[in-house]
Novice: 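Can you read through this structure? Questions will come right after.
Heavy-atom basis, side chains included; hydrogens, waters and symmetry copies ignored. A quick note: this is a predicted structure, and the numbers were derived from the prediction, not measured.
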Amino acid sequence: MPGEAAHERYDKDLLTVVLDLFNRPCPEEQPRFVAEVGCGDGGRLSAIHRAIRDRTARGACLAAHPLVMVGIDADPAALKAARARLDEDGVPAVLVQGTVDDPAAIAAELARHGLAMDEGLHVRAFADQARRFRGTGAPAPVGVPGAGDGAYVDADGRPLTDEAVERDLVEHLRRWAPYVRRHGLVVLAAHTVAPQVARRFPGRVQSVAYDTCHALSHQYPVGHDRWLQCCRAAGLETVPYAGHRYPAGRPFVAVSLNRLLPVAERTTAHVPAVPCPAGREASGDDGRGLHELLFAGGDTRRPRPWAADPTGWIVAQALRTIERRIATGGAGQTIRVLDYGAGTGLGAIELLKALTERRTDRLVSDAGMRLELHLADIRTAWFDQGERLLGAHPWTRFHELRGPDGAFRTMAEIMAGDRVDVVLASMVFHLIPPRALTRVAADLAGLINPGGTLLWNAPDIAPAGPEAYLFHDANRAIRHSVLTAPVDGQLPPGVRDAVARARAARSPETDQRAGRRILPAPNRADTLTGIFDAHFTGNVHQQDFEILPDELLDTLLVPSNAEEYFPELPDRADREAVVRAFHARVVPSLRERPGGTATGLSLKWTFGKHSPRETPGGAACS
């Protein structure tokens, strides 16, 4: 999109994130001020103040204290222009001189004005890349082959390595972490685009001009994947339900918008941060294996980006419905959320974290209401893991989708006549064949209260388009190669022998078993739209997100995934050796195509938001 229009979109989305923090019914927990480093002429601060003032005038919660805008800039001329503009607009403001690379000095200046640095919300646009390079810090936090794609020089014109810039970025963000612990940092960041990706989009990506400009002006943007990893290494986590990336449908990210919080703040009571293996499940077993695929090291504060952002969209939509119900409900009512196909609990954990961060427990209590989070799935090691993680939470209830006879139960039976306000289905509907999904849609439609919402995402819904893949495309390609491709003479002898045994054991029965784990032909978006349109009104849309090769490998190494998708290889050691060997051959070839990113693959995710069609005599929530 043209530069001016793009920046209008960035600012609009940033404003939405900021307003969300001032639309919470606990005024004393709202930021005392909004501060922008690199405020320029004060235009963004004036727009933020006007939007908050207009929201308050429409009846939203009043702030607990007069809201001050804080402008920070290194240029005295910019501060003079900001003073004139903010005064003209009637905006109470404190303006101080400062630079983004010295938060301690900014804190000292604000203290002179009676403002504690950590009591404010900090926002900024493209300022972190313009920091002064200090060249100090610990070793680089991560190493992703092929990720280095920047061109950097220091203040004296000497070239800098990607590692040095990333190390400097981590230390820069660490300096900021203590000052954003309460309300976070809302930041627009520009990102480099790898040359091998940019060359596929002649005339559609401006990275060559931008990267040259950044290098010559001593700026230090990094690739989006590196930005996320540097934030994490600095102890800051993105808030998934408050994030955006631009563009949304390409195998690269040129600009991102995130709200960052210290990792300690991205948690919730009653959910262990890093659960220890319990009972019969050791650290390498199935439930823990999937959990560690979704959360780095099993740490519930650190969801992996490939799954966090798509889950964040569901959480953001669910929050709107829940908070609307709190605002319009009455004492004694119960708000019910169903996580359908909950697995190890990714969607429920992320929703509970968001509800904790937004103090929803207090809002529910103050309204005299109750909140229940129901998790339903087939009883497997995955669901066992979810119950271990969330079973102690006072809001959670666990339900098995199958009865003692093995037959699927209806949701009306499971919920004993109670209806729900929100249904979440995260990474579920790409696993269900259309005939069964038709029954699921009808079942869920009868469960949701009028005004309620069905929210779902799925990473394996066709079509992927020319510049993305589906989640299981790599897995399908690996199975096809193992069972049909010419045997590579360079494979280790043990792998060649295992492949020969797999081919000899292949049968219609093993193909059918593998097809129950990963559908041979993925569900299509238009098929799902038709199924849901019979019972719901709503819409479906798609967006691209990156997954790294190691994460793709981990999906197949989750024990039950590998056992079911390669039933021809009953020995676990054989399976893992074969999967690793063919993954190392298949994924690099996929990365060379238009859906490849600098470091992994661009995945096409499909999202749906639906409300049940109105029927006469619909029951109200209890």
Novice: With the threshold set at 4.0 Å, does a side-chain nitrogen-carboxylate oxygen contact exist between Arg250 and Asp544?
Specialist: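 Here Arg250 does not pair with Asp544 in a salt bridge, since their nearest N and O are not under 4.0 Å apart.
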Novice: For Thr300, is there any backbone N or O sitting under 3.5 Å from a side-chain donor or acceptor partner on Lys353?
Specialist: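 At least one qualifying donor-acceptor pair exists.
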Novice: Any salt bridge between Arg325 and Asp421, counting N to O under 4.0 Å?
Specialist: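 A salt bridge links Arg325 with Asp421.
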Novice: Is NZ or CZ of Arg479 both nearer than 6.0 Å to the six-membered ring centre of Tyr565 and within 45° of the ring axis?
Specialist: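 Output yes; distance and angle both within limits.
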Novice: Rounded to the nearest 0.5 Å, how far does CG of Leu351 lie from OG1 of Thr360?
Specialist: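 Output value for this atom pair is 8.5 Å.
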Novice: Could you check whether any side-chain N or O of Asn561 sits under 3.5 Å from a backbone N or O of Leu556, counting only pairs where one atom can act as donor and the other as acceptor?
Specialist: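 Checking the backbone N and O of Leu556 against the side chain of Asn561, no donor-acceptor pair under 3.5 Å is found.
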Novice: Under a 3.5 Å threshold, yes or no: a donor from one side chain and an acceptor from the other, between Thr537 and Ser611?
Specialist: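 Checked: Thr537/Ser611 side chains show no N/O donor-acceptor pair below 3.5 Å.
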Novice: Please answer whether the main-chain N or O of Met427 pairs with a side-chain N or O of Asn457 as donor and acceptor at a distance below 3.5 Å.
Specialist: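 Pair found, side chain donor or acceptor close to backbone of Met427.
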Novice: Donor-acceptor check, side chain of Thr438 to backbone of Pro434, threshold 3.5 angstrom: yes or no?
Specialist: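 Here the side-chain-to-backbone pair exists.
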Novice: Does Arg419 reach the main-chain N or O of Ile448 with its side chain, forming a donor-acceptor pair under 3.5 Å?
Specialist: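 A pair under 3.5 Å: yes.
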Novice: Excluding sequence neighbours, so at least two apart, what forms side chain to side chain contact (heavy atoms under 4.5 Å, CB included) with Ser507?
Specialist: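 Only Glu509, Thr510 meet the side chain to side chain contact (heavy atoms under 4.5 Å, CB included) criterion with Ser507.
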Novice: When rounded to the nearest 0.5 angstrom, what distance separates CG in Asp339 from CG in Asp377?
Specialist: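 Reported value, rounded in 0.5 Å steps: 8.5 Å.
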Novice: Can you tell whether the side chains of Arg476 and Asp460 come within less than 4.0 Å, N to carboxylate O?
Specialist: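 Looking at Asp460 together with Arg476, the answer is yes, because their closest N to O distance falls below 4.0 Å.
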Novice: Between His610 and Trp456, how do the two ring planes meet: parallel, tilted or perpendicular, split at 30° and 60°?
Specialist: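 Because their plane-to-plane angle is under 30°, the rings of His610 and Trp456 count as parallel.
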Novice: Check whether any side-chain N or O of Asp554 sits under 3.5 Å from a backbone N or O of Leu293 as a donor-acceptor pair, and report yes or no.
Specialist: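 No.
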Novice: Under 3.5 Å, is there a donor-acceptor pair between the Thr311 and Glu350 side chains?
Specialist: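 Their side chains do not contain a donor-acceptor pair, so the 3.5 Å distance test is not met.
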Novice: Donor-acceptor pair, distance only, cut-off 3.5 Å: does the side chain of Asp574 make one with the backbone of Asp571?
Specialist: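 No, Asp574 side chain to Asp571 backbone: no donor-acceptor pair under 3.5 Å.
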Novice: If you round to the nearest 0.5 Å, how far is CG of Leu21 from OG1 of Thr16?
Specialist: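 Reported to 0.5 Å precision, the distance equals 11.5 Å.
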Novice: Under 3.5 Å, is there a donor-acceptor pair linking the side chains of Gln317 and Arg320?
Specialist: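 Note: Gln317 and Arg320 side chains meet the donor-acceptor criterion.
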Novice: Closer than 3.5 angstrom, by distance alone: can the side chain of Thr238 be matched with the main-chain N or O of Pro240 as a donor-acceptor pair?
Specialist: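 No, the answer is negative, given that no donor and acceptor are paired below the 3.5 Å cut-off.
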Novice: Look up atom OG1 in Thr597 and atom CD in Glu467, then write down how far apart they are to the nearest 0.5 Å.
Specialist: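 Those atoms lie 13.0 Å apart.
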Novice: Can you name the residues that form a side chain to side chain donor-acceptor pair (under 3.5 Å) with Ser602, not counting sequence neighbours?
Specialist: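 Not a single residue meets the side chain to side chain donor-acceptor pair (under 3.5 Å) criterion with Ser602.
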Novice: Taking all non-hydrogen atoms of both residues into account, name the closest pair between Thr599 and Pro549 and its distance.
Specialist: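 Taking Thr599 first and Pro549 second, the nearest heavy atoms are O-CD, 2.9 Å.
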Novice: Salt bridge check, Arg259 against Asp20: does any charged N sit closer than 4.0 Å to a carboxylate O?
Specialist: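 Looking at Arg259 together with Asp20, the answer is no, because their closest N to O distance does not fall below 4.0 Å.
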Novice: Aromatic contact between Phe429 and Phe532, with the criterion being ring centroids under 6.0 Å apart: yes or no?
Specialist: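 Centroid separation for Phe429 and Phe532: below 6.0 Å.
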Novice: For Tyr246 and Asp13, which I'm curious about, is there any donor-acceptor pair between the side chains at under 3.5 Å?
Specialist: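 On atom types as modelled, these side chains qualify, holding a pair under 3.5 Å.
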Novice: Does Arg370 reach the main-chain N or O of Trp395 with its side chain, forming a donor-acceptor pair under 3.5 Å?
Specialist: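 Absent.
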Novice: Among Ile322, Ile314, Leu373, find the residue that satisfies the side chain to side chain contact (heavy atoms under 4.5 Å, CB included) test when tested with Val422.
Specialist: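 For Val422, the side chain to side chain contact (heavy atoms under 4.5 Å, CB included) test succeeds with only one of Ile322, Ile314, Leu373, which is Ile322.
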Novice: Look at the side chain of Asp405 and the backbone N and O of Ala407, then say whether any donor-acceptor pair between them is shorter than 3.5 Å.
Specialist: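 A pair under 3.5 Å: yes.
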Novice: Quick test of your reading of the model: are Glu563 and Arg572 salt-bridged, counting only N-O distances below 4.0 Å?
Specialist: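 No salt bridge links Glu563 with Arg572.
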Novice: Compute the centroid of each ring, for His541 and then for Trp313, and state whether the two points are separated by less than 6.0 Å.
Specialist: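 Centroid distance His541-Trp313: below 6.0 Å, so yes.
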Novice: To the nearest 0.5 angstrom, please state how far the CZ atom of Arg304 sits from the CG atom of Leu346.
Specialist: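 Arg304 CZ to Leu346 CG: 12.0 Å, rounded to 0.5 Å.
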Novice: Please report the interatomic distance NE2(His393) to CD1(Ile349), rounded to the nearest 0.5 Å.
Specialist: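 These two atoms lie 10.5 Å from each other.
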